[in-house]
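Reviewing the structure listed below.
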Amino acid sequence: MRIRIVDAFTDRPFAGNPAGVVLLDAFPADDWMQRVAAEVNLSETAFAHPGGGEEADWRLRWFTPAAEVDMCGHATLATAHILFGTGAATGTVRFATRSGVLLATARPDGSYAMDFPAAPLTEVPAPEGLAEALGAAPRSVYDTGPQVGDLLVELADEATVHALRPDHRALAAHSERGVIATARAASPECGYDFVSRCFFPRVGIDEDPVTGSAHTALAPFWAPRLGSDRLTGLQASPRSGLVATELSGARVRLTGRAVTVVDGELLA
């Protein structure tokens with residue numbers, strides 16, 4: 001079978017967030033998919049097959065090298081990119097996932113818009129030891145609900161986010177999946193509205209390059225603070241990437257581009 005590696009949330013190779021994509025006739029055993037994800041060793045590998053009943057066109061699952069996850073934005077974008085690029089889908093594709101039915105639409109400009117549930121945010125006290133593990137003092141801390149499973153941590157400014165050098169082992173104790181560190185952009189002229197970095201050591205990813213699921217929490221966090229439902233986030237990992245967000249009630253539209261960098265044959 002074929003396996004592709006797609007850089008998501010970028011318009012050029014070797015940037016954004018790479019994801020493996022494997023299209024199947026049906027899902028094989030879970031342990032086989034987990035082993036493939038470990039072999040690919042990217043933050044997520046997506047497995048999809050046609051079907052899903054009346055509400056969906058494809059079934060979609062995501063695995064990190066260490067575990068299956070409930071939601072992944074960049075691997076959904078990567079899968080949509082392959083489906084639209086090969087003609088396996090046109091217009092809008094509906095994915096049946098552990099987070100419900102997710103939509104991805106091909107736009108005329110070559111980007112893809114995805115419809116995801118907005119994460120419910122609950123302000124919580126900063127856990128003891130979080131500032132030391134992260135390497136910066138939080139301004140506020142929010143739980144992002146069970147589907148995302150992160151702590152969203154607001155920091156003082158963009159420079160603080162860029163400068164983070166967290167203790168990943170210590171950070172793993174502070175949430176179900178990981179920690180999203182964020183701050184507003186340093187300048188309105190920089191081309192984005194807020195900045196973030198995402199650390200997920202509990203699922204085998206010390207720092208994720210560009211995280212679509214995190215933006216389902218970042219969009220509802222920043223929209224009221226910045227006075228707009230349409231915002232762009234920069235995820236400031238070494239690979240970096242931009243995610244356009246649009247908040248609409250209990251849903252978030254995430255828009256980005258993708259580039260296929262590997263198209264090969266899976267022999268195992």
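Numbering of residues begins at 1 and proceeds along the displayed sequence. Side chains included, hydrogens not; waters and symmetry mates left out as well; all remaining heavy atoms used.
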Taking the side chain from [X] and the backbone from [Y], do they hold a donor-acceptor pair closer than 3.5 Å?
X      : Y      : value
Arg94  : Glu54  : yes
Arg197 : Val161 : yes
Thr64  : Glu44  : no
Arg202 : Ala173 : no
Asp7   : Phe14  : yes
Arg4   : Ile82  : no

Testing the basics here: between [X] and [Y], what is the closest heavy-atom pair and its distance to 0.1 Å?
X      : Y      : value
Ala113 : Arg107 : CB-CD, 3.8 Å
Val203 : Ala66  : O-CB, 3.8 Å
Ala104 : Ala80  : CB-CB, 3.7 Å
Leu164 : Ala136 : CD2-CB, 3.7 Å
Leu77  : Ala258 : CG-CB, 4.4 Å
Ala119 : Pro220 : O-CG, 3.9 Å

Within this structure, what is the [atom1]-[atom2] distance for the pair [X] and [Y], rounded to the nearest 0.5 Å?
X      : Y      : atom1 : atom2 : result
Leu121 : Asp143 : CG    : CG    : 8.5 Å
Thr260 : His81  : OG1   : NE2   : 3.0 Å
Ser240 : Tyr192 : OG    : OH    : 8.0 Å
Glu246 : His215 : CD    : NE2   : 15.0 Å
Ile3   : Ile5   : CD1   : CD1   : 6.0 Å
Ile180 : Thr216 : CD1   : OG1   : 7.5 Å

Any side-chain heavy atom of [X] within less than 4.5 Å of one from [Y]?
X      : Y      : result
Leu171 : Leu134 : yes
Met71  : Pro117 : yes
Pro201 : Arg169 : no
Phe199 : Val153 : no
Glu154 : Pro138 : no
Val179 : Pro166 : no

Report the C-alpha distance between Asp115 and Arg251 in whole Å, list the side-chain angles of each, state the deciding distance to 0.1 Å, and finish with yes or no for side-chain contact (heavy atoms from CB on, under 4.5 Å).
CA-CA 7 Å; Asp115 181 85; Arg251 308 293 294 185; 2.6 Å; yes
List the steps and the verdict of side-chain contact (heavy atoms from CB on, under 4.5 Å) for Glu123 and Ser140.
CA-CA 7 Å; Glu123 188 166 11; Ser140 62; 3.9 Å; yes
Hydrophobic cluster membership, [X] vs [Y], 4.5 Å side-chain cutoff:
X      : Y      : answer
Trp58  : Val6   : yes
Val148 : Tyr142 : no
Leu60  : Phe116 : yes
Leu254 : Val69  : yes
Leu247 : Val195 : no

What's the verdict on side chain to side chain donor-acceptor pair (under 3.5 Å) for Thr211 and Gln235, showing C-alpha distance, side-chain angles and the deciding distance?
CA-CA 8 Å; Thr211 314; Gln235 193 154 332; 3.0 Å; yes
What's the verdict on side chain to side chain donor-acceptor pair (under 3.5 Å) for Ser187 and Glu189, showing C-alpha distance, side-chain angles and the deciding distance?
CA-CA 5 Å; Ser187 167; Glu189 287 79 39; 2.8 Å; yes
Does Arg257 pair with Asp109 as a salt bridge, N-O distance under 4.0 Å?
yes
Inspect the contact between Asp70 and Arg177 and indicate whether a charged nitrogen and a carboxylate oxygen are less than 4.0 angstrom apart.
no
Determine, for Phe27 and Arg61, whether the Lys NZ or Arg CZ falls below 6.0 Å from the six-membered ring centre while staying within 45 degrees of the axis.
yes
Under 6.0 Å from the six-membered ring centre of Phe221 and within 45° of its axis: does the NZ or CZ of Arg225 meet both?
yes
Would the number of heavy atoms belonging to other residues, nucleotides or ligands and lying under 6.0 Å from [atom1] of [X] be above 12?
X      : atom1 : answer
Arg239 : CZ    : yes
Arg35  : CZ    : no
Asp25  : CG    : no
Arg253 : CZ    : no

Is there a donor-acceptor contact under 3.5 Å linking the side chains of [X] and [Y]?
X      : Y      : value
Glu207 : Ser237 : no
Asp150 : Thr144 : no
Trp222 : Thr245 : no
Thr76  : Trp62  : yes

Would you say the ring centroid of Phe63 lies under 6.0 angstrom from that of Phe47?
yes
